[in-house]
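Input: a single structure, listed below in structure tokens.
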There are 2 protein chains.
Amino acid sequence: MTADVSTQTAQKPLRADAQRNYDNLIEAAREAFRERGAEASLDDIAKRAGVGPGTLYRHFPTRDALIDAMMRDWAERIDADSQAVVDSGLPAREALQIWFTRFVDNIGLYHGAAAKVMSAMDDPKSPIYRKCQVLAAANEKVVAKAREDGALRDGVDAREVMRIVSGVSTVIDQSGLTPAQAEPMLAIVLDGILLPD
Amino acid sequence: MTADVSTQTAQKPLRADAQRNYDNLIEAAREAFRERGAEASLDDIAKRAGVGPGTLYRHFPTRDALIDAMMRDWAERIDADSQAVVDSGLPAREALQIWFTRFVDNIGLYHGAAAKVMSAMDDPKSPIYRKCQVLAAANEKVVAKAREDGALRDGVDAREVMRIVSGVSTVIDQSGLTPAQAEPMLAIVLDGILLPD
DNA sequence: ACCTGAACACCGTTCAAGT
DNA sequence: ACCTGAACACCGTTCAAGT
């Protein structure tokens, strides 16, 4: 189940120069997206990577395909974070609080990332859909643990929890707040899904 | 306090042809934004209004200035909705539930509107900032009423409530859900801010 | 098999020339 | 005082020519 992360994905091996271009493009994209946000110029990314624009398009036919490739290790980080929380044995409120905080951190890859992940959540045609499924599964796991502990209100659905925490993430991202400023909103969510007392 | 809404804003009167162009541009913008979302082509809007692109820029030097003009009656609708809820005499939960639902509806003017309002919320330099202030004041009023009724948890801040409901609105908008599908998320917010029992 | 970069298209923005 | 539309700049996207 553990994939080879050092090269492309799980595809046929690339020619040496192509592999280098591929890696350079992803690195350049990370920089550019961090600096400029989700609308970063693809031409600029190609320039930073030292390749022609055609090469970028060869490897990544769409902007989303490039973003998807940038997020390779992201899914693994998500899995690790959710597993750590479930294994921690912490009480439900603390466990969920940590998980939500990690959620907001992880989804804030660059300006506009939270919104992009959100649109992909319900769109199976999006290249990022798979990544969202990983996030959904991780969230489901943490919420299920809290439910087993008898801590959740009746009718609380993991999917809705994921949606609302994504919403909080978008607020942080779009309003230019720091991740720490998500805390009051996350407190509302916690009180909203946990049984009182 | 009630403004003349049939012409420009509260500015000097425009020459007759300029006023017609101004109105046509706003109408064209409403159509275009509804169809194409927040990134609608300005050139296309000018064409729809039957004017040159220069005319659009004369009246609205930035995209946000045009959006702000489109939202003229919006602020009044917000005010009316919040007042109606406060005057209704409904119990806090029902009142807030109706207000939040209206909030989500109102902020979903076109695809991308919720995110735009959110970014303007904490940015006094945005042309839309004033409109956000109106929304914030209306929300404050409804939340204050619930607090007077002794229905709110300690430490619940109207600003945070506005942020999280804006977040819910963005989820609806970005994920292509219907406003009705906000209900489970709004239920979480309600349980999160109201005193149990 | 992969890369380059010129070429095209589209759109935002400005401004000189008009009325 | 206001409008027009040509002109420019920037960027996404394609593709013929190269290695």
Side-chain angles (χ1 to χ4, degrees), chain A residues 7-29 31-70 110-112 116 126-128, chain B residues 7-29 31-70 110-112 116 126-128:
Chain A
T7 54
Q8 236 226 5
T9 333
Q11 323 280 29
K12 334 256 150 187
L14 293 174
R15 220 171 63 180
D17 56 344
Q19 182 68 52
R20 259 200 32 193
N21 285 338
Y22 182 95
D23 294 338
N24 289 342
L25 279 166
I26 288 189
E27 196 43 50
E31 275 179 37
F33 277 75
R34 258 197 309 264
E35 289 174 21
R36 311 268 179 199
E39 322 271 82
S41 156
L42 297 180
D43 208 63
D44 177 51
I45 291 173
K47 280 206 185 83
R48 287 184 198 232
V51 303
T55 302
L56 190 157
Y57 277 85
R58 156 168 287 268
H59 287 297
F60 311 106
T62 66
R63 179 181 289 267
D64 276 359
L66 175 58
I67 291 177
D68 183 58
M70 272 175 53
Y110 50 85
H111 186 56
K116 235 179 173 55
S126 164
I128 312 175
Chain B
T7 54
Q8 235 228 4
T9 333
Q11 321 281 29
K12 333 256 150 188
L14 292 175
R15 221 171 62 179
D17 57 342
Q19 181 68 51
R20 260 200 32 194
N21 285 337
Y22 182 95
D23 293 339
N24 289 342
L25 278 166
I26 288 188
E27 196 42 51
E31 277 178 36
F33 277 75
R34 258 197 310 266
E35 290 174 20
R36 311 268 178 199
E39 321 271 84
S41 157
L42 298 180
D43 208 63
D44 177 50
I45 291 174
K47 281 207 185 83
R48 287 184 198 232
V51 304
T55 302
L56 191 156
Y57 277 86
R58 157 168 286 267
H59 287 298
F60 312 106
T62 66
R63 178 181 290 266
D64 277 358
L66 176 58
I67 291 177
D68 181 60
M70 272 175 53
Y110 50 84
H111 185 57
K116 245 193 164 45
S126 165
I128 313 176

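We use all heavy atoms of the structure for the numbers below, so side chains are in, but hydrogens, waters and symmetry mates are not. In what follows, every chain begins at residue 1, and chains take the letters A, B, ... in the order their sequences are listed.
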Could you tell me which non-hydrogen atom of [X] sits nearest to which non-hydrogen atom of [Y], and how far apart they are?
X       : Y        : answer
B/Arg48 : B/Ala28  : CB-CB, 3.7 Å
B/Ala40 : B/Arg63  : O-NH1, 2.9 Å
B/Ala38 : B/Gly112 : CB-CA, 4.2 Å

Worksheet entry | Test applied, side chain to side chain contact (heavy atoms under 4.5 Å, CB included); reference residue, A/Asn21; option that passes from A/Thr55, A/Ile26, A/Leu56 |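 Exactly one option meets the side chain to side chain contact (heavy atoms under 4.5 Å, CB included) with A/Asn21, and it is A/Thr55.
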Response to the item:
d(B/Tyr110 OH, B/Glu31 CD) to nearest 0.5 Å is 15.5 Å
Worksheet item: Rounded to whole angstroms, how far apart are CD1 on B/Ile45 and P on C/dT13?
Response: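 Value for this atom pair: 12 Å.
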Worksheet item: Dot-bracket, DNA chain C: Watson-Crick or G-U, under 3.5 angstrom, [ ] crossing, | other strand?
Response: ||.|||||...|||||.||
Discussion item. A/Asp17 and side-chain hydrogen bond (donor to acceptor under 3.5 Å, both in side chains): which single residue from A/Arg15, A/Gln19, A/Arg20 fits?
Written reply: A/Arg15
Discussion item. For nucleotides 2-7 of chain C, give me one character per nucleotide, 5' to 3': B if any protein heavy atom sits under 4.0 Å from the base, S if the only such contacts are to the sugar-phosphate, - if neither.
Written reply: BSBBB-
Worksheet entry | B/Glu35, CD atom: more than 12 neighbouring heavy atoms under 6.0 Å |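 Counting neighbours around CD of B/Glu35, more than 12 heavy atoms of other residues, nucleotides or ligands fall under 6.0 Å, so yes.
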Worksheet item: Does the side chain of A/Lys116 come within less than 4.5 Å of A/Asp64's, by heavy atoms?
Response: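 Touching, per the 4.5 Å side-chain cut-off.
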Practice prompt. Would you check, one step at a time, whether the test side-chain contact (heavy atoms from CB on, under 4.5 Å) holds for B/Leu25 with B/Val51?
Written response: CA-CA 8 Å; B/Leu25 278 166; B/Val51 304; 3.8 Å; yes
Worksheet item: Once the angle between the rings of A/Phe60 and A/Tyr22 is folded into 0 to 90°, is it parallel (under 30°), tilted (30 to 60°) or perpendicular (over 60°)?
Response: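 Judged by the thresholds at 30° and 60°, the geometry between A/Phe60 and A/Tyr22 is tilted.
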Return the polar atom pairs (N/O with N/O) between nucleotides 9-12 of chain D and the protein under 3.5 Å, or none.
unit_1	atom_1	unit_2	atom_2	d
D/dG12	OP1	A/Leu42	N	3.1
D/dG12	OP1	A/Arg63	NH2	3.2
D/dG12	OP2	A/Ser41	OG	3.3
D/dG12	OP2	A/Leu42	N	3.0
D/dG12	OP2	A/Asp43	N	3.1

